[in-house]
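So you know, we letter chains A, B, ... as the sequences are listed, proteins then strands, and number each from 1.
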Amino acid sequence: MAKQTNQAYENSNLFRIRHSTAHVMAEAVLDRFPDAKIAIGPAIDDGFYYDFDLPRALTPEDLSEIEKRMKHILKGNHKFEKEVISAEEAKKFFADQPFKLELIEGLESGGLDEHGNPLEEKPEISLYKSDTFVDLCRGPHVESTKEINPKAIKLLSVAGAYWRGDEKRPMLQRIYGTAFENPEDLKEYLWKLEEAKKRDHRKVGKDMELFSVSQEVGPGLILWHPNGGLIRHLTEEYCKKEHLANGYDIVYSPHIGRANLWETSGHLGFYNENMFSPMKIEEDEYYAKPMNCPFHIMIYNSKLHSYRDFPIRLAEWGTVYRYERSGVLHGLLRVRGFTQDDAHLICREDQMPEEIDEVLNFCLHILRHFGMNEFHAYLSTRDPEKSVGEEKDWLAAQDALKAALERANLAYDIDEGGAAFYGPKIDLKMIDALGREWQLSTIQFDFNLPERFDMTYIGEDGQPHRPMMIHRALLGSIERFMGVLIEHYGGAFPVWLMPVQVKLIPIADRHVDYSHEVAKQLKKAGLRVEVDDGNDRMNAKIRKAQLQKVPYMLIIGDQELEAGEVALRLRSGENPGPMSVETFVERALKDIEELV
RNA sequence: GCCACCGUGGCUCAGUUCGGUAGAGCAAACGAUUCGUAAUCGUUAGGUCAUGGGUUCGAAUCCCAUCGGUGGCUCCA
């Protein structure tokens with residue numbers, strides 16, 4: 001049940017509009033910078049871009065001038081005309097366009113697409129001409145610029161981008177823009193972008209005092225504030241309970257280990273550039289751990305194992321440190337120190353398929369508890385160029401992963417050759433508020449470490465055998481997971497995770513004592529409660545509670561005081577009104593139970 | 001790491017074009033108000049304008065460097 005590539009989009013009118021708008025943009029850029037070297041300009045999910053080598057950096061003013069020029073060009077009703085030519089002719093035509101020459105050579109020499117990836121068959125070489133602009137392009141395009149509404153296009157940003165995505169090659173200037181079929185769609189898209197920014201976990205994290213990053217502490221290192229700390233604690237608590245109930249053993253391991261360990265594991269060889277520099281202790285070097293596996297393996301290796309012991313599942317909320325290049329850090333989603341809900345499943349070969357099934361279902365069970373039902377699943381397979389282990393083991397493992405995905409009824413994409421050198425894997429990725437994908441869960445085979453650490457067990461035959469090892473993280477990193485979770489709910493977490501579940505709002509001072517009394521009862525029932533006994537007006541207190549996304553507001557005035565009740569208001573704006581304290585508690589506990 | 005942009009009280013932002021040694025709102029503290037479903041009023045306090053250097057009689061403003069952030073690119077076992 002592999003997921004379809006998005007053919008529908010590529011065949012759509014919208015796709016042609018965007019691709020054609022990219023050409024018009026290139027024309028406008030060439031009008032402004034006649035010596036510009038043009039690279040590639042495809043349509044992408046939300047719009048299009050075009051890469052240029054320009055004599056100077058683009059300014060925001062350039063962008064609006066280019067956009068103005070584009071609108072002018074669009075009004076010209078220029079036809080997009082295709083012409084198929086030979087490689088020779090194409091080279092002559094693009095003699096002063098080095099990037100195009102490279103593209104032509106790629107097409108000619110057996111077929112590389114514009115990103116440098118091999119094509120199945122050698123393509124024809126075609127030009128598309130519209131107005132004064134001619135581009136090497138396979139199309140398709142709209143018939144004429146009149147099909148593009150000048151009011152439905154917008155240039156969005158400038159960014160650096162390496163030619164052919166290779167950091168050793170020149171950096172070009174990429175202009176991102178978007179285009180829609182009509183101005184309303186554009187407006188809606190821009191509005192959605194604005195709305196998405198409001199859900200950004202960095203903004204919500206600050207507003208709700210969940211976490212912070214301090215320059216003093218260091219970039220990519222997270223400080224969890226009381227509110228975020230509580231949510232994290234509840235998350236961990238739930239997950240640990242589930243792990244214990246599902247056959248896992250909880251272990252703990254230190255944050256550093258001797259160089260020797262990392263040599264055996266191979267990390268110093270293949271992961272070195274992501275590790276923090278070592279510290280010297282007495283005569284030995286120690287490294288902060290970038291992964292937990294070696295420690296778990298040491299626990300396994302600390303005694304002799306029988307084939308009857310399996311499966312062994314060692315789980316740890318292990319904090320790891322990885323050096324990430326400064327430019328890639330991003331709030332909670334990409335950090336330098338994070339805690340994985342890590343586990344290593346060690347089993348016999350014959351147990352492996354069932355083990356995969358179980359862990360995948362367990363993973364889905366956990367994610368769904370947090371309201372996450374939509375993710376992209378990927379199966380990453382072997383790259384024969386760089387892989388350890390026997391091919392037959394790989395194929396068996398890949399089949400097991402595939403079968404598990406299908407039994408779980410999950411749509412997935414295959415990332416051909418995308419596996420790490422030590423084993424195939426399943427990844428689950430979630431999207432953030434701005435549509436960027438972030439990997440959370442991962443289930444991966446490891447054909448490398450059991451070998452390196454000489455892990456063994458004694459089989460039925462009395463002989464030593466090598467066990468299989470699966471490395472898995474379900475939330476992935478708790479930091480990243482919390483980031484995605486914050487954006488998923490826009491900060492309005494389900495009641496069970498909300499730091500303050502109930503806000504009591506006394507209308508006047510004479511209601512304060514009763515409010516505290518009610519609060520005491522609610523706390524006794526296990527609810528997290530605050531009384532807003534400041535001297536704001538009720539409206540202001542409600543507003544504050546709304547902004548904090550508190551699920552339940554209990555208004556307490558003369559009527560409630562007299563009747564011994566509370567008047568409930570929900571963060572949705574719904575107003576169930578007065579009820580007894582017991583009725584409210586019942587309702588709240590039910591909501592918590594049902595993950596509302 | 002690379003390209004571009006940005007950094008002003010706890011937060012959001014004005015002031016930077018054209019140099020003349022900071023201003024608002026929210027939050028806070030205090031006082032008044034005691035109010036029925038999204039902002040009551042007043043007073044006060046709070047900033048070496050990211051850091052370091054330079055130009056200048058004078059720098060938040062111009063220049064250089066560093067640190068940090070944002071959007072991309074690369075990377076992401």
* To do: Take A/Lys425 and A/Asp558, find for each the nucleotide of RNA chain B with the closest heavy atom, and name the residue whose nucleotide sits nearer the 5' end.
  => A/Asp558
* Salt-bridge test for A/Arg510 and A/Asp558: reply yes if a basic N is under 4.0 Å from a carboxylate O, no otherwise. => yes
* Proximity to RNA chain B (any heavy atom under 4.0 Å), residues of residues 155-173 of chain A only -> A/Val158, A/Ala159, A/Gly160, A/Ala161, A/Tyr162, A/Gly165, A/Glu167, A/Met171
* Would a 4.5 Å heavy-atom cut-off, applied to side chains only, mark A/Arg436 and A/Ile431 as touching? -> no
* Asked: Using a cut-off of 4.0 Å on non-hydrogen atoms, how would the nucleic acid contact of A/His267 be classed: base, sugar-phosphate, or nothing?
  -> nothing
* Asked: Roughly, in whole Å, what's the span from CD in A/Glu216 to P in B/C67?
  -> 15 Å
* For A/Arg480 and for A/Pro60, find the nucleotide of RNA chain B with the closest heavy atom, then tell me which residue's nucleotide is more 5'. => A/Pro60
* What about the rings of A/Phe338 and A/Trp317, do their centers lie closer together than 6.0 Å? -> no
* For the pair A/Trp262 and A/His267, name the ring-plane relationship: parallel under 30°, tilted 30 to 60°, perpendicular over 60°. => perpendicular
* Structure fact -> residues 559-570 of chain A vs side chain to side chain donor-acceptor pair (under 3.5 Å), sequence neighbours excluded, gives A/Gln546-A/Arg569
* Asked: When we call it a touch if two heavy atoms are under 4.0 Å apart, what does A/Phe270 touch: a base, just sugar-phosphate, or nothing?
  -> base
* NA contact type, A/Lys206, heavy-atom cut-off 4.0 Å: base, sugar-phosphate, or nothing? -> sugar-phosphate
* Assign a letter to each nucleotide of nucleotides 37-46 of chain B from its 5' end: B, base within under 4.0 Å of a protein heavy atom; S, sugar-phosphate only; -, no contact. => BBBB------
